[in-house]
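Letters go in sequence order (proteins before strands), and every chain restarts at 1. Source: prediction; values computed, not measured. Excluded from the calculations below are hydrogen atoms, water molecules and symmetry mates; all remaining heavy atoms, backbone and side chain alike, are included.
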4 protein chains.
Amino acid sequence: MTRPSSPWRVPPGDRARQHELKRDAVILTAARAFRERGYHNTSLDDIAAALHVTKPTLYYYVSNKEQMLFACFEEGLARLTVACDEARAAGASGRERLVALVHRYALAITSDFGWCMVRAEDQDLSPAMGARIKALKSGIDQEIRALIRAGIADGSIAVRDPKMAAFALAGALNWISHWYRDDASLSAGAIAERFVDLFVNGLAPRTRQAPSGKST
Amino acid sequence: MTRPSSPWRVPPGDRARQHELKRDAVILTAARAFRERGYHNTSLDDIAAALHVTKPTLYYYVSNKEQMLFACFEEGLARLTVACDEARAAGASGRERLVALVHRYALAITSDFGWCMVRAEDQDLSPAMGARIKALKSGIDQEIRALIRAGIADGSIAVRDPKMAAFALAGALNWISHWYRDDASLSAGAIAERFVDLFVNGLAPRTRQAPSGKST
Amino acid sequence: MTRPSSPWRVPPGDRARQHELKRDAVILTAARAFRERGYHNTSLDDIAAALHVTKPTLYYYVSNKEQMLFACFEEGLARLTVACDEARAAGASGRERLVALVHRYALAITSDFGWCMVRAEDQDLSPAMGARIKALKSGIDQEIRALIRAGIADGSIAVRDPKMAAFALAGALNWISHWYRDDASLSAGAIAERFVDLFVNGLAPRTRQAPSGKST
Amino acid sequence: MTRPSSPWRVPPGDRARQHELKRDAVILTAARAFRERGYHNTSLDDIAAALHVTKPTLYYYVSNKEQMLFACFEEGLARLTVACDEARAAGASGRERLVALVHRYALAITSDFGWCMVRAEDQDLSPAMGARIKALKSGIDQEIRALIRAGIADGSIAVRDPKMAAFALAGALNWISHWYRDDASLSAGAIAERFVDLFVNGLAPRTRQAPSGKST
DNA sequence: TATGAATGAGTATTCATTCAT
DNA sequence: GATGAATGAATACTCATTCAT
């Protein structure tokens with residue numbers, strides 16, 4: 001999904017750029033390892049080995065194992081933030097914008113950093129870091145709620161409880177990281193499409209009117 | 001279920017019963033600790049201390065830390081299985097039964113074992129255990145899909161991709177364990193209600209009158 | 001000098017007593033190792049090996065390497081404190097009591113814990129520990145000054161600056177730990193005797209009156 | 001001696017001189033760092049940072065961390081040797097010369113290199129280095145003993161055991177490095193004066209009139 | 001049944017040292 | 001001369017697990 005697995009064997013470029021590339025490679029490798037084996041089951045030795053580098057070298061680019069997880073989280077979150085920004089400017093109605101967000105969100109979640117972003121637990125981090133992550137996560141939540149409220153305001157969305165709707169939506173999307181694998185039959189886009197279908201139209205048949213008075 | 005914090009100080013009863021009670025207390029205590037601090041951040045000492053018992057004592061009731069997590073998982077899953085069984089017999093239409101399941105599912109997820117059930121990672125378990133858990137989880141997934149298909153068959157549900165719909169639904173529900181805390185403002189039932197509203201009716205306003213009143 | 005090098009091979013006695021004995025052995029072994037190789041050059045593995053025990057076992061008796069050093073320090077200091085107490089009650093005049101202290105001090109310094117007591121640096125300890133040690137050391141210093149002042153008061157001692165005199169005395173005594181080895185030709189008592197001779201009478205010949213107006 | 005904090009920013013001068021200056025700065029900076037944080041708690045990074053230079057640069061001027069400590073030791077010892085030489089030629093009687101030495105010794109101990117000279121442990125050095133240092137230290141000890149013996153010979157000093165007297169004197173002086181700080185209320189000279197008073201006259205009041213006035 | 005004691009295996013982190021540029 | 005980058009070796013500390021009592 002992302003290319004440069006080991007810039008240690010890719011000499012070109014100037015100094016600062018090299019450093020940046022290598023750091024990126026460290027983060028990416030970590031993200032993949034975490035996704036595959038989990039944070040606690042991944043030792044720095046594992047990551048170093050995957051990069052064909054020795055353990056102390058990692059410390060040249062990252063100050064901590066915790067910082068490593070945090071960097072992965074940030075990397076993933078950045079994509080999500082971009083997604084939010086793009087979505088906000090994407091469509092006319094609140095619903096259209098929300099749909100756009102779902103697509104981009106799915107893409108971000110299925111990226112290498114999806115797991116870290118979603119599963120980085122406060123529990124695994126120092127209180128300070130935990131708080132920062134929590135705050136950032138909450139920011140995304142607020143974005144979703146805002147779009148839902150906007151949709152309600154412009155009449156394109158009808159839900160009783162925007163907060164719970166946001167939780168449900170985010171939950172469904174985040175959960176993708178639990179079952180999605182790169183070799184999956186469905187692309188992120190296809191998944192998003194199916195989700196949109198469900199979330200927009202609901203389970204109940206739309207044709208004509210609601211299937212009865214007692215709608216269940 | 002949430003009571004017996006330490007049967008070590010509650011002497012009476014016969015042999016086998018005593019053992020069973022204590023084992024239950026171990027599992028429950030573990031489940032709570034895992035939920036609070038995560039599996040890897042919980043040491044057996046922590047659990048033992050919570051039970052006012054020493055570490056080796058735990059091994060009298062569980063053979064492993066891994067077994068402990070597995071037991072928690074099983075305990076939670078049992079509730080979910082019951083939920084499925086009840087749901088299957090709960091209503092007339094596929095949709096009604098699915099809605100019933102959502103309610104019971106939410107209740108199970110918010111129980112003490114919810115976290116373990118949802119978050120017990122294959123990563124934390126030996127391959128063998130991991131496979132067992134995966135299979136059991138998949139069973140629940142199949143139940144949901146079956147209900148959705150039933151609903152489609154009887155016309156009470158209209159979705160394009162039952163599999164993705166099941167993933168979305170399960171995802172939203174499982175995710176509850178990430179944000180739900182006992183002191184939350186909403187009960188499991190209330191959450192389920194909101195979720196049902198969203199999943200049944202969708203975000204888009206229903207053409208005529210939205211199926212007013214309690215849609216459940 | 002002290003006997004029980006390894007109670008791990010000395011089974012008898014009751015529970016609590018056993019524990020205490022072993023902990024003492026840990027501390028003593030640590031003290032000896034520190035004295036021989038220095039704090040930083042002594043690894044826990046070294047100490048464990050000396051006790052024919054594995055490293056984690058040490059943690060059963062001491063919570064920290066730092067705590068280990070501190071315990072050694074305390075052990076040594078305890079002897080010094082006893083020395084002070086005994087000295088305070090030892091003689092009539094301030095000078096007699098001071099002389100008594102010098103004797104006991106020398107004995108304490110040449111004990112296995114002498115090195116730790118004298119050389120435990122604030123630098124090697126956490127700020128908190130460092131502060132505690134500093135305070136305790138300062139207590140001894142005050143004791144010495146008090147005796148000197150008492151001697152001045154009762155006419156048995158004549159010095160201009162009690163504080164500096166205390167520093168000089170303590171310095172000479174503490175320094176013993178730098179050069180003293182168990183196999184040394186002089187016993188602690190003999191050393192103390194020589195020191196007393198020097199400190200009480202001074203370098204200048206005493207016979208008749210002071211050797212001249214210009215006493216240097 | 002205390003000035004040249006970083007000749008890296010002071011370009012002029014010829015080649016060899018430059019090198020020498022920089023090496024001196026390295027040694028001095030190291031000495032200060034060792035004194036402040038201890039040898040083992042000072043990393044080469046610390047020293048490099050203090051010089052606004054990178055770690056490998058240090059190796060241009062010193063071959064080793066050990067060599068660094070040794071150089072500091074040598075630097076300090078040189079002062080002490082000078083002190084001995086000057087003292088040897090300073091006065092008429094052995095005692096006068098000894099007193100002169102005490103003054104110069106105190107000055108050397110309170111210098112930036114005092115700590116290293118006194119506290120450089122054999123433990124921190126390779127056996128070879130350790131042996132060299134021990135020999136050099138012993139040289140100083142011999143000087144002191146020689147002066148004492150000279151004083152005994154010319155009647156200006158009266159002590160039973162010259163060796164122990166030398167140990168006591170050196171101990172008191174060396175120990176200054178444990179408690180002396182640059183911001184201390186007493187100058188090295190003042191300290192030496194007090195010490196001389198104590199060591200020359202002793203604690204016991206002199207029979208007739210104590211050698212009043214400035215006894216030095 | 002319960003526990004004190006002990007251990008093996010593992011892991012993050014530090015640091016002096018080297019070397020190509 | 002100076003530095004960025006890399007590494008080997010070491011070390012404190014943790015924890016699940018076992019076993020004699």
Side-chain angles (χ1 to χ4, degrees), chain A residues 7-8 11 14-16 18-19 22-23 40-48 51-68, chain B residues 8 11 15 18-19 22 40-48 51-68, chain C residues 7-8 11 14-16 18-19 22-23 40-48 51-68, chain D residues 8 11 15 18-19 22 40-48 51-68:
Chain A
W8 273 270
D14 66 302
R15 257 306 148 60
Q18 278 294 313
H19 190 89
K22 289 182 185 173
R23 193 192 131 98
H40 287 286
N41 294 317
T42 302
S43 78
L44 292 190
D45 273 314
D46 292 338
I47 297 173
L51 288 165
H52 303 293
V53 162
T54 60
K55 195 164 34 172
T57 299
L58 299 180
Y59 282 87
Y60 194 75
Y61 296 96
V62 187
S63 57
N64 248 345
K65 191 184 178 187
E66 184 186 43
Q67 284 278 352
M68 224 149 146
Chain B
W8 272 271
R15 260 305 147 63
Q18 276 297 313
H19 189 88
K22 290 182 186 175
H40 286 286
N41 295 317
T42 302
S43 77
L44 293 191
D45 272 315
D46 291 337
I47 298 172
L51 289 164
H52 304 291
V53 162
T54 60
K55 196 163 36 171
T57 301
L58 300 180
Y59 283 85
Y60 237 87
Y61 301 95
V62 191
S63 58
N64 249 344
K65 192 186 179 187
E66 183 184 47
Q67 286 277 352
M68 224 149 142
Chain C
W8 272 271
D14 66 302
R15 255 309 146 61
Q18 277 295 313
H19 190 89
K22 290 183 185 174
R23 193 192 133 97
H40 287 286
N41 294 316
T42 302
S43 77
L44 294 190
D45 272 315
D46 292 338
I47 298 172
L51 288 164
H52 302 293
V53 163
T54 61
K55 192 163 37 171
T57 300
L58 300 181
Y59 283 88
Y60 195 75
Y61 297 95
V62 186
S63 58
N64 249 345
K65 191 184 178 188
E66 184 185 44
Q67 284 278 353
M68 225 149 146
Chain D
W8 272 271
R15 257 310 145 61
Q18 277 296 313
H19 189 89
K22 291 182 184 174
H40 286 286
N41 295 317
T42 301
S43 78
L44 294 192
D45 271 314
D46 292 337
I47 297 171
L51 288 164
H52 303 293
V53 161
T54 60
K55 195 163 35 171
T57 300
L58 299 180
Y59 283 85
Y60 237 85
Y61 301 94
V62 190
S63 58
N64 249 343
K65 191 184 179 187
E66 183 184 48
Q67 285 277 352
M68 223 149 143

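For dA6(F), neither phosphate oxygen OP1 nor OP2 lies less than 4.0 angstrom from any side-chain nitrogen or oxygen of Thr57(A). For dA5(E), the OP1/OP2 oxygens have a side-chain nitrogen or oxygen of Tyr60(C) closer than 4.0 Å. A close approach under 4.0 Å does occur between a side-chain nitrogen or oxygen of Lys22(D) and OP1 or OP2 of dA2(F). Taking only side-chain nitrogens and oxygens, His19(C) comes nearer than 4.0 Å to OP1 or OP2 of dA5(E).
Between the NE2 atom of His52(A) and the C1' atom of dA5(F) there is a distance of 18 Å, rounded to whole Å. Between the CG atom of Leu58(A) and the C1' atom of dT7(F) there is a distance of 12 Å, rounded to whole Å. In this structure, Ile47(C) atom CD1 and dT11(F) atom C1' are separated by 12 Å, rounded to whole Å.
By the side-chain hydrogen bond (donor to acceptor under 3.5 Å, both in side chains) test, Thr57(A) is found to be paired with Thr54(A), residues two or more places apart in sequence or in another chain being considered. When the side-chain contact (heavy atoms from CB on, under 4.5 Å) test is applied to Asn41(C), the partners found at least two apart in sequence or on another chain are Arg37(C), His40(D), Gln123(D), Asp124(D). Taking Asp45(B) as the reference, Lys55(B) meet the side-chain hydrogen bond (donor to acceptor under 3.5 Å, both in side chains) condition, with sequence neighbours excluded.
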Sequence-aligned protein contact record of nucleotides 12-19 of chain F, with B where the base is within under 4.0 Å of a protein heavy atom and S where only the sugar-phosphate is: BBBBBBBB
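Comparing Ala16(A) and Asp46(C) along DNA chain F, the residue whose closest nucleotide (by nearest heavy atom) sits nearer the 5' end is Ala16(A).
Within the structure, no pair that satisfies the salt bridge (Lys or Arg N to Asp or Glu O under 4.0 Å) test touches residues 56-65 of chain B, not counting sequence neighbours.
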Worked verdict on Tyr60(A) versus His19(A) for ring-ring contact (aromatic ring centres under 6.0 Å, His included): CA-CA 10 Å; Tyr60(A) 194 75; His19(A) 190 89; 5.8 Å; yes
Watson-Crick and G-U pairing of DNA chain E, under 3.5 Å, as dot-bracket with | and [ ]: .||||||||||||||||||||
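The CE atom of Met68(B) sits 3.0 Å away from atom CD1 of Ile47(B), with the distance rounded to the nearest 0.5 Å.
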